[in-house]
Amino acid sequence: LPLPADRRLQQVCTALMADPACAWTLAEWAAQSAASERTLARLFKEELGMGFGAWRQRLRLAHALERIGRGQPLGKVAADLGYASQAAFSAMFKRTFGLPPGRFLQARRHVDPGQVVE
């Protein structure tokens, strides 16, 4: 997950890493970071190569993979990451990785550790 150099963007990203379930909009983050919403949106694209929503989703996915890998129940992972339901989380996961969480992890377990998975 790319991280920013700009201090205003660092504030936003650090806070989201501490609480990935936070549902604040970019406008709400702007009010807290001494930058306009437009400036934050531009900084996300310039420094991180993606928009705010995409970055937050990647952050949540990184947390999800780690937690699921430790055996946490999907419902708990979904709730902890701010999803309204396990079904909503699973749908997002499948859209991103092409497999539901359980099948994704099964596929990862059957890959040779030296093999790159794309």
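The first residue in the sequence is number 1, and the count goes up from there. Computed from heavy atoms alone, side chains included, the values below leave out hydrogens, waters and symmetry copies.
- Applying the 6.0 Å contact sphere to CZ of Arg70 captures more than 12 heavy atoms from other residues, nucleotides or ligands.
- Note: Phe93 and Phe104 have perpendicular aromatic rings, judged against thresholds of 30 and 60 degrees for the angle between ring planes.
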How far apart are the C-alpha atoms of Trp29 and Cys13, what are their side-chain angles, what is the distance that settles it, and do they pass the side chain to side chain contact (heavy atoms under 4.5 Å, CB included) test? CA-CA 10 Å; Trp29 284 113; Cys13 292; over 6 Å; no
Could you please spell out the steps behind the side chain to side chain contact (heavy atoms under 4.5 Å, CB included) verdict for Thr96 and Gln57? CA-CA 10 Å; Thr96 303; Gln57 182 174 338; 3.1 Å; yes
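- For the pair Leu48 and Pro4, the tightest heavy-atom approach, listed with the atom from each and the gap, is CD2-N, 3.5 Å.
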Exercise for the section: List the steps, then state whether side chain to side chain contact (heavy atoms under 4.5 Å, CB included) holds for Asp6 with Glu46. Expected result: CA-CA 10 Å; Asp6 183 90; Glu46 287 177 2; over 6 Å; no
The test is side chain to side chain contact (heavy atoms under 4.5 Å, CB included); show your working for Arg95 and Met92 and say whether it passes. CA-CA 5 Å; Arg95 267 193 318 274; Met92 179 279 307; 3.6 Å; yes
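- To the nearest 0.5 angstrom, Gln10 atom CD is 12.0 Å from Ser33 atom OG.
- Across every non-hydrogen atom of Trp24 and Gln32, the tightest pair is CZ3-CG, 3.3 Å.
- Other residues, nucleotides and ligands place no more than 12 heavy atoms under 6.0 Å from the CZ atom of Arg38.
- Hydrophobic clustering (side-chain heavy atoms under 4.5 Å, transitive across Ile, Leu, Val, Met, Phe, Trp, Tyr) keeps Leu59 apart from Leu65.
- Note that CD of Glu28 is 12.5 Å distant from CG of Leu40, once rounded to the nearest 0.5 Å.
- Arg60 places no side-chain N or O within 3.5 Å of a backbone atom of Phe89 that could act as its donor or acceptor partner.
- Within a 6.0 Å sphere centred on CZ of Arg8, other residues, nucleotides and ligands contribute more than 12 heavy atoms.
- Transitive grouping of hydrophobic side chains (ILVMFWY, heavy atoms separated by less than 4.5 Å) keeps Tyr83 and Leu16 in distinct clusters.
- Residues Pro2 and Met50 share a closest heavy-atom pair of CG-CE, 3.8 Å.
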